[in-house]
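For reference, the structure is listed below as structure tokens.
Predicted, not measured: the structure shown is a model, and the values here were computed from it. In what follows, chains are A, B, ... by sequence order, proteins preceding strands, each numbered from 1.
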Amino acid sequence: MTSVRAQSLEREGSVGDRPVMTLIDVEKHFPIKDGVLQKVVGHVKAVDGVSLEIRRGETLGLVGESGCGKTTLGRCISGITAPTGGGIYFRLSDVDRAALEDILATPGKERTPEQRKRMERIESRHLITALTGDAWRAYRRNCQVVFQDAFSSLNPRQLVKDIVGRPLRIHKEASGAELTERVVSLLESVGMGRQHLFRYPHQFSGGQRQRISIARALALDPEFIVLDEPTSALDVSVQAQILNLLHELQRDRGLTYLFISHDLGVVKLMSDRIAVMYLGEVVEQGTATELFERPRHPYTEALLAANPDLDADVDKEIEGLEGTVPDPANPPEGCRFHTRCPVATPICGWEVDDAVTWLSVETNLLDAMTAVERRSNFDATLAFADDGSAEAVGKAMTAGSVPPAMAPALESVSVDGSKVLLRFLPVPPVELEEVEPGHVTSCVLHTSRRREL
Amino acid sequence: MADVAQPRTVIPPATGALTVRLRRLGEVTVQTLRNPVTVIGLVIIVLMFAMALLAPVLTTPNEPNPYQMPRDWTALNEPPGTPGHPLGTTAHGGDVLYGVIWGSRTSLWLSLIVVAVTVTIGTVVGSLAGFIGGKVDEILMRVVDVFLAIPELIFALAIAAVLGPSFSNIILALAIVYWVKYARIIRGQIIHVKQNEYVDSARVIGDTKFRIYLKDVLPNSITPVMVQATMDMGAIVLVGATLSFIGLSEAGLAEWGVLVSEGQVGISTGRWWASTFPGLMIFLWALAFNLVGDGLRDVLDPRTESR
Ligand SMILES: Nc1ncnc2c1ncn2[C@@H]1O[C@H](COP(=O)(O)OP(=O)(O)OP(=O)(O)O)[C@@H](O)[C@H]1O
Ligand code: SF4
Ligand SMILES: [Mg+2]
């Protein structure tokens, strides 16, 4: 067990000098079950291949619309749920990271025994789902969470003293009178005090409960805290107080934060760097200043445009963003944002679904459609009730009214009796690329793929 | 604190927790007693319990087995008011008052044993299913479904009939039937409570599964079980009496159901007392626990609790 002093010694140094959390291709897919036998019929891809690094002393903001996977990612990082793919590493040094990425890039069968050994060693020391004994305890002490809902995050049957003192008791840091004193000083550090020790959570206001949650998170003197929308359930004035408190605590204790929110104003205020999530993926990441002043992704731009004074919620209807968020169980091809992107290009991932959606919105020809036989998302046969409808659809798809971004992606349209064969040019998924030092985006308008345009 | 001004009461730390918990218990009690209907139920229960406890004082216990009705062959079918037999006697010369008083003891034993056993089994099974989940849950819930497919009374009746007529077999039969209900209640509660973020918080600070179950999950899941158990203290006596009534108990037992059953032949010939008084006791017992159970539900309901 590391003593408090050893920990703060360990923490000397400058902000950002080493990673606290490293995520490599993290996935969390929830199975969708159906029928009496509860057969798995698909997966909700809540988090789908996220790589991030959170360096010590910094605040990484995580923004995105509701349902894009922010909470799920936070829960994976804090060890509440295990990711279904990829790895989350605690205190992975840059050297080890490079080595690990090297090994991961080698196909499993081709890895040398030394590589395997090295990987095993790295995983047993840093991969949060593989940690045991002291390493696991160190991770548990150093990674804490504050949830959005302070009502459900405090056990209604425990007194404040037991709630805040529990981490100390579990890790055998204190007991008896000493425990009480430690709890009092924790309460004081969040602006509460001794008079609150023997009360139940329901005796407090929302803001106070959130302070109690923060005190509990601080009890083990952690290095890193996941803050999952810690203020979005609070009144605006209380919100400011809690944000100030979090700021002060970070300064005084050298804390590292993952700050999740869908309020861009709050994220701007709190974050050094910001990652923007869309449908389970990070689409852009950069310093707060870069991202707000020179966004390199139309989705980020849309979020910013919807918040001219930056105090509206992302969740409210986003202006300039048409359509609904696609189903995370069946995300779009190419760039996942292409179904709503106002500046989409021919290489953004046009697929059969887009043609069908367009037909249903712009024409009434879909009523006669009886089946879609898919060979892939890019290649399908639409079957119609009669030859006439098929012909009309074929005409519509080749006429000039097809959206100009989609038209060049249509490789072929052919009518065969009552069937229409549609084929789109297949495109690979977009990938994040560094467009400026520390600023990554996946939009093809900004990455090396713009040469294809 | 700017959000809400808090009164600054200074509580001595060493006794603080205990004081607060006792005060909380006091508050719940006061709140319970504010409902007159609950108070009526409580008074009846207290009287019944007093009667059960004081049975050896209130009557001369029958030798050698006080739970067996005394027989006075010189006083058959005496009406209420007869000297020495204020509530009359049965066709076998049993003192009805003796049966009423010792019957409360029998009922207390019956309901306490059955409730204790079924709550324990139900909580263990329901907890395993709800907290562990997965295959364990599936298997246990299949078993529960089988039990639930058969109506309680008929199931208990069948078991008691197979085991043979005796009072302890009635207890056994009821215990076999009634745990299922608790298992279902507690499982549902746990699945619901498990989703609270305080459970996740406890995991994040590194607590063990078992302690999370004991400190976070069980205490927040148990109130509906307490309410149901209170109700069942009444219902079980009613069902037990029903089984006794149809002859699955022992003849001559000082038990209300047996007395009603043995006294019923007299009703057509005007000898109403032998079954009416014990019948009234069954009714009062079941009613009282029902009233208190209802009152408890209102007070302990987590939605109304945090007011
Ligand atoms: N336990 C679960 N089982 C199945 N699906 C889930 C589960 N948890 C989350 N999801 C799904 O995963 C997706 C991401 O959810 P998540 O809560 O992470 O989003 P979020 O970005 O935090 O949204 P919000 O802003 O509303 O909090 C959603 O589609 C959600 O329905
Ligand atoms: S890649 Fe860029 S332009 Fe294309 S759809 Fe995505 S965000 Fe829009
Ligand atoms: Mg969320």
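Comment: Arg169(A) does not engage Asp207(B) in a salt bridge, judged by the lack of any side-chain N to carboxylate O separation of less than 4.0 angstrom.
The closest side-chain heavy-atom distance from Asp149(A) to Glu197(B) is below 4.5 Å. Within the 4.5 Å cutoff, side-chain heavy atoms of Ile170(A) are placed close to those of Arg211(B). At a threshold of 4.5 Å between non-hydrogen side-chain atoms, the residues Lys215(B) and Arg157(A) do not count as touching.
In terms of non-hydrogen atom pairs under 4.5 Å with chain B, the most contact-rich of Ala150(A), Cys143(A), Pro156(A), Ser78(A) is Pro156(A). Here Arg216(A) is the residue among Gln148(A), Gln158(A), Arg216(A) with the most heavy-atom pairs under 4.5 Å with chain B.
We find the CG-CG distance between Leu154(A) and Asp216(B) to be 11.0 Å, quoted to the nearest 0.5 Å. Atoms CZ and CZ, from Arg75(A) and Arg203(B) in turn, are 8.0 Å apart once rounded to the nearest 0.5 Å.
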Under 3.5 Å, which donor-acceptor pairs do the side chains of residues 136-158 of chain B form with other protein atoms, sequence neighbours left out?
residue	atom	partner	partner atom	Å
Asp137(B)	OD1	Arg187(B)	NE	2.7
Asp137(B)	OD2	Arg187(B)	NE	3.4
Asp137(B)	OD2	Arg187(B)	NH2	3.0
Glu152(B)	OE1	Tyr178(B)	OH	3.4

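Residues Ile205(B) and Arg166(A) approach most closely at CD1-CG, 3.8 Å, considering heavy atoms. Nearest heavy-atom pair, Ser201(B) versus Ser153(A), reported as atom, atom and distance to 0.1 Å: OG-O, 3.7 Å.
Only the side chain of Tyr200(A) comes within contact range of chain B, with at least one heavy atom under 4.5 Å from a heavy atom of that chain. When heavy atoms are compared at a cutoff of 4.5 Å, Asp162(A) approaches chain B solely by way of its side chain, counted from C-beta outward.
No more than 12 heavy atoms of other residues, nucleotides or ligands shown are found within 6.0 angstrom of NE2 on His247(A). No more than 12 heavy atoms of other residues, nucleotides or ligands shown are found within 6.0 angstrom of CH2 on Trp109(B).
Checking Asp200(B), Val199(B), Asn196(B) one by one against Ser152(A), the side-chain contact (heavy atoms from CB on, under 4.5 Å) holds for a single residue, Asn196(B).
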